[in-house]
Engineer: 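My questions will all concern the structure given below.
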Protein chains: 2
Amino acid sequence: MNQSSKKPVTLQDVAKHAGVSRATASLIVRNSPKISSETRKKVLKSMEELGYVYDRVAANLRSKSSTTIGIIITDISNTYYSDLLKGVHHTLEEIGYTVLLGVTFDSVEKQDQILSSMIEHRVGGIILCPVSESADETVNRLNKLQIPAILAVRELAGSNCDFVGVDYQAGSQMAVEHLIKKGHKRVAFLGGYRKASTWIERMEGYSLALQQAGIELDGSIVIDSVPTREGGVDAVRQLLSLPNRPTAIFCFSDLVAFGVVQGVREAGLKPGEDIAIMGFDNIPEAEIFYPPLSTVSSFAQLTGKTAANLLHQRITQSEGEKKRIILQPELIVREST
Amino acid sequence: MNQSSKKPVTLQDVAKHAGVSRATASLIVRNSPKISSETRKKVLKSMEELGYVYDRVAANLRSKSSTTIGIIITDISNTYYSDLLKGVHHTLEEIGYTVLLGVTFDSVEKQDQILSSMIEHRVGGIILCPVSESADETVNRLNKLQIPAILAVRELAGSNCDFVGVDYQAGSQMAVEHLIKKGHKRVAFLGGYRKASTWIERMEGYSLALQQAGIELDGSIVIDSVPTREGGVDAVRQLLSLPNRPTAIFCFSDLVAFGVVQGVREAGLKPGEDIAIMGFDNIPEAEIFYPPLSTVSSFAQLTGKTAANLLHQRITQSEGEKKRIILQPELIVREST
DNA sequence: CTGAAAGCGCTTACAG
DNA sequence: CTGAAAGCGCTTACAG
């Protein structure tokens with residue numbers, strides 16, 4: 001991994017060429033105001049002529065600082081995460097950081113590995129969207145870390161980190177209340193891992209909404225699945241084979257809802273007409289989907305942006321109470337309900 | 001951007017604690033086989049106890065090497081690029097690189113800025129998906145760079161870089177031939193910037209397919225637009241206001257096709273039945289779309305993977321002829337045609 | 001502004 | 001394997 005060819009030009013070379021001291025040249029690359037604009041111009045010209053490139057890595061080493069941030073997500077193909085990444089990346093870059101990307105593909109080992117690699121690369125901070133069954137060990141490592149870390153999307157029990165997330169319970173309640181208001185009395189809840197905190201919170205919102213409407217919860221129409229489109233297809237097939245078919249379905253996520261719509265069609269029913277379907281997340285595809293999907297926005301991009309800003313704050317101000325920022329979701333009504 | 005607290009432990013500290021020399025400790029972190037497993041174990045234990053973290057940045061500085069790679073894309077929300085990114089990231093990480101992410105949002109200035117930042121961070125190589133109107137200056141910088149760089153998706157005139165791309169002409173020809181085989185004699189071509197090389201190549205494929213079928217090209221049903229869903233809506237509105245309506249539409253991209261489907265519906269027509277619609281790229285949404293979209297796969301992930309491997313080769317073997325790898329697209333027939 | 005010195009945490013090269 | 005020295009490219013701290 002070497003690159004050879006001509007010797008790279010250093011600050012020393014620039015200083016010599018411009019006839020100033022190395023210290024002066026150093027002040028100039030760092031935009032110090034203490035330097036007269038004449039000297040600055042002269043030195044900048046030398047840099048230009050010599051083709052100097054600033055070695056930020058060496059600078060960071062000496063000054064014990066860092067201009068990189070690590071962001072770790074579970075899946076890049078999931079538009080929820082690519083949206084969140086967009087939010088993080090955009091605000092971080094604006095502040096002047098360079099971002100290191102890590103993708104865990106929901107593997108705990110990979111997550112630990114990426115964490116190590118980022119720390120060894122001296123990132124100034126980390127934003128972590130944890131794998132669902134993150135080990136206690138991960139939590140411990142995060143806590144022992146000298147580096148500021150923010151958790152996003154999923155909280156980790158026992159971690160002493162700032163957290164940015166979404167109120168899944170409120171969102172689910174909203175969604176189910178919307179369905180009930182539309183006249184539905186039998187509403188299924190499909191998809192997601194039953195043990196995940198993100199499922200449990202949604203389940204609470206679902207129960208609450210039913211309860212407040214005086215509808216009894218029927219466990220047989222709560223069907224879990226892998227949280228993907230395929231999972232949605234499976235779950236809805238199971239559901240539609242049941243005797244007392246519901247008139248509305250609340251799905252764990254938009255991805256699951258896409259599968260559910262497909263399964264409903266396969267059964268010869270018209271999604272949005274014969275049966276109402278509601279998603280969760282409001283990923284970009286929800287809008288272009290047919291029928292356009294009613295859903296609850298969990299503001300992926302805003303989540304990323306918020307996490308990025310919080311991290312920046314943590315880095316610059318260091319101390320202070322750990323924060324917990326919970327975004328309020330928003331009901332998005334389209335044609336599928 | 002400092003982090004204070006306790007003094008971090010260095011290799012020196014580890015060596016002292018384990019009773020070995022610094023040189024030995026250094027050999028151990030680098031997995032040298034020259035060290036007896038007894039010594040290795042002892043030292044690893046000391047590292048564990050002291051909570052040592054290897055400073056890869058300092059190591060890279062001293063050994064004039066790099067373990068990071070920069071990947072620059074134009075848009076993270078576009079699943080074509082997030083797919084490509086997935087391919088790049090996955091293979092690079094497997095080799096042992098850490099990836100720096102840059103997003104240009106199609107701005108030349110941003111692209112230059114990101115390029116600078118990555119170089120200053122001493123990346124070992126760069127994969128660049130260039131902004132469409134990249135300036136000559138960018139090309140010059142790339143050529144002067146001491147760092148291996150690979151161009152992906154779009155080629156840059158005058159650049160002396162390796163390139164990985166897709167045969168857009170062949171893909172378009174395939175698509176239009178498919179439509180003609182289905183019995184369509186009047187096929188529109190909608191969307192994309194007329195001056196972009198990616199448009200011109202598609203146009204060539206389109207013309208060729210018509211020509212070989214003995215169909216005369218009608219310029220009035222070739223309508224350009226911004227290459228987005230909105231652009232597709234605009235273009236198809238314009239098209240449908242024309243007197244002699246075509247029976248099939250070849251779209252610049254899947255994204256454009258999504259807009260075209262929407263516009264067709266708004267006009268009271270049934271996409272896939274009253275009018276055939278064909279996309280390009282085969283982004284993941286094409287499959288879940290309704291109707292499932294016929295398209296041409298441009299293998300985004302494979303493109304990324306190929307670029308990553310080529311870069312790795314370039315970094316390790318350095319010299320040799322510049323390569324140009326053009327992937328052959330594949331026809332994907334679904335229900336929209 | 002300058003100049004000389006020391007140091008960030010590591011690797012390199014070499015004599016033993 | 002060890003040990004002492006030098007150096008990667010920069011910043012820091014200080015006397016002038």
Side-chain angles (χ1 to χ4, degrees), chain A residues 1-4 6-44 46-47 50-67 119-124 146, chain B residues 1-4 6-44 46-47 50-67 119-124 146:
Chain A
M1 313 193 186
N2 268 338
Q3 73 241 19
S4 49
K6 289 168 289 178
K7 221 167 176 245
V9 0
T10 71
L11 249 197
Q12 181 74 284
D13 302 330
V14 171
K16 201 163 160 197
H17 184 271
V20 302
S21 75
R22 187 153 57 144
T24 307
S26 175
L27 286 170
I28 286 170
V29 286
R30 285 177 287 154
N31 278 318
S32 161
K34 294 192 219 159
I35 307 285
S36 78
S37 71
E38 250 177 274
T39 324
R40 151 165 281 121
K41 238 186 243 167
K42 191 172 58 180
V43 175
L44 288 177
S46 290
M47 291 184 177
L50 297 179
Y52 172 70
V53 340
Y54 184 41
D55 191 330
R56 209 168 282 278
V57 165
N60 285 342
L61 172 61
R62 178 60 239 255
S63 61
K64 292 181 146 297
S65 63
S66 171
T67 49
I119 297 166
E120 292 182 357
H121 279 283
R122 309 180 91 261
V123 293
Q146 306 278 18
Chain B
M1 313 190 185
N2 268 338
Q3 71 242 21
S4 48
K6 288 168 291 177
K7 222 169 175 236
V9 0
T10 71
L11 248 198
Q12 180 75 282
D13 301 330
V14 170
K16 202 164 161 196
H17 184 270
V20 302
S21 75
R22 185 153 59 144
T24 307
S26 175
L27 286 170
I28 287 170
V29 286
R30 284 177 289 153
N31 279 317
S32 161
K34 293 191 218 161
I35 308 286
S36 76
S37 71
E38 251 177 89
T39 324
R40 151 166 281 121
K41 237 185 241 167
K42 191 172 60 178
V43 174
L44 288 177
S46 290
M47 289 183 179
L50 297 179
Y52 171 71
V53 340
Y54 183 41
D55 190 331
R56 207 169 283 279
V57 165
N60 284 342
L61 172 60
R62 177 60 239 256
S63 60
K64 291 179 148 299
S65 62
S66 171
T67 50
I119 297 165
E120 291 182 358
H121 277 100
R122 310 180 88 262
V123 293
Q146 306 280 17

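Predicted, not measured: the structure shown is a model, and the values here were computed from it. Below, read A as the first sequence line, B as the second, and so on, with proteins coming before strands; counting in each chain starts at 1.
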Engineer: By the 4.0 Å heavy-atom rule, please label A:V20 as base, sugar-phosphate, or nothing.
Structural biologist: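 It contacts sugar-phosphate atoms only.
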
Engineer: Would you mind telling me which residue lines up with the more 5' stretch of DNA chain C, B:L61 or B:R30, judged by nearest nucleotide?
Structural biologist: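 This one resolves to B:L61.
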
Engineer: Could you state the atom-to-atom distance from CG of B:N60 to C1' of C:dG9 in whole Å?
Structural biologist: 12 Å

Engineer: For B:R62 and for B:S21, find the nucleotide of DNA chain D with the closest heavy atom, then tell me which residue's nucleotide is more 5'.
Structural biologist: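 That would be B:S21.
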
Engineer: What's the NZ-C1' distance between A:K16 and D:dG9, to the nearest Å?
Structural biologist: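 Answer to the nearest Å: 15 Å.
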
Engineer: Rounded off to whole Å, could you give me the CZ-to-P distance for the A:R122 and D:dC10 pair?
Structural biologist: 16 Å

Engineer: Taking the side chain from A:R40 and the backbone from A:S32, do they hold a donor-acceptor pair closer than 3.5 Å?
Structural biologist: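 Indeed, once roles are kept as given, a pair shorter than 3.5 Å links the two residues.
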
Engineer: For A:H17, which residues count as a side-chain contact (heavy atoms from CB on, under 4.5 Å) partner, sequence neighbours excluded?
Structural biologist: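 In terms of side-chain contact (heavy atoms from CB on, under 4.5 Å), with neighbours along the sequence ignored, A:H17 is linked to A:S46, A:E49, A:L50.
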
Engineer: Would you tell me if any nitrogen or oxygen in the side chain of A:R56 comes within less than 4.0 Å of OP1 or OP2 on D:dT11?
Structural biologist: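 So the side chain of A:R56 is outside the cut-off, no N or O lying under 4.0 Å from OP1 or OP2 of D:dT11.
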
Engineer: Please name the nucleotide paired to D:dA13 by Watson-Crick or G-U wobble geometry with both distances under 3.5 Å, or report none.
Structural biologist: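 Base-paired to nothing in any strand shown.
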
Engineer: Would you mind reading off the distance between B:L11 atom CG and D:dG3 atom P, rounded to a whole angstrom?
Structural biologist: 15 Å

Engineer: Can you measure B:I28 atom CD1 to C:dT11 atom C1' for me and round it to whole angstrom units?
Structural biologist: 15 Å

Engineer: So, applying side-chain contact (heavy atoms from CB on, under 4.5 Å) with B:V20, which one of B:L27, B:V14, B:V43 is it?
Structural biologist: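 The single option meeting the side-chain contact (heavy atoms from CB on, under 4.5 Å) with B:V20 is B:V43.
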
Engineer: Taking OP1 and OP2 of D:dG3, is either one under 4.0 Å from a side-chain nitrogen or oxygen of B:R22?
Structural biologist: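 The answer is no; no side-chain N or O of B:R22 sits under 4.0 Å from OP1 or OP2.
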
Engineer: Among the candidates C:dA6, C:dC10, C:dG9, find the nucleotide nearest to the side-chain atoms of A:K64.
Structural biologist: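 The answer is C:dG9.
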
Engineer: Looking across every strand, which nucleic acid part, if any, lies under 4.0 Å from A:L27 by heavy atom: base, sugar-phosphate, or nothing?
Structural biologist: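 No contact.
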
Engineer: Closest-nucleotide mapping onto DNA chain D: is A:Y54 or B:R40 further toward the 5' terminus? I mean the 5' end.
Structural biologist: B:R40

Engineer: With a 3.5 Å cut-off and no angle check, do the side chains of B:S26 and B:R22 form a donor-acceptor pair?
Structural biologist: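 The answer is no; no qualifying pair exists.
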
Engineer: For the side chain of A:D13 and the backbone of A:T10, is there at least one donor-acceptor N/O pair under 3.5 Å apart?
Structural biologist: yes

Engineer: Taking OP1 and OP2 of C:dT11, is either one under 4.0 Å from a side-chain nitrogen or oxygen of B:S26?
Structural biologist: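 For C:dT11, OP1 or OP2 has a side-chain N or O of B:S26 closer than 4.0 Å.
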
Engineer: DNA chain C: B:A23 or B:D55, which has the more 5' nearest nucleotide?
Structural biologist: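 Checking each residue's closest nucleotide, the 5'-ward one belongs to B:D55.
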
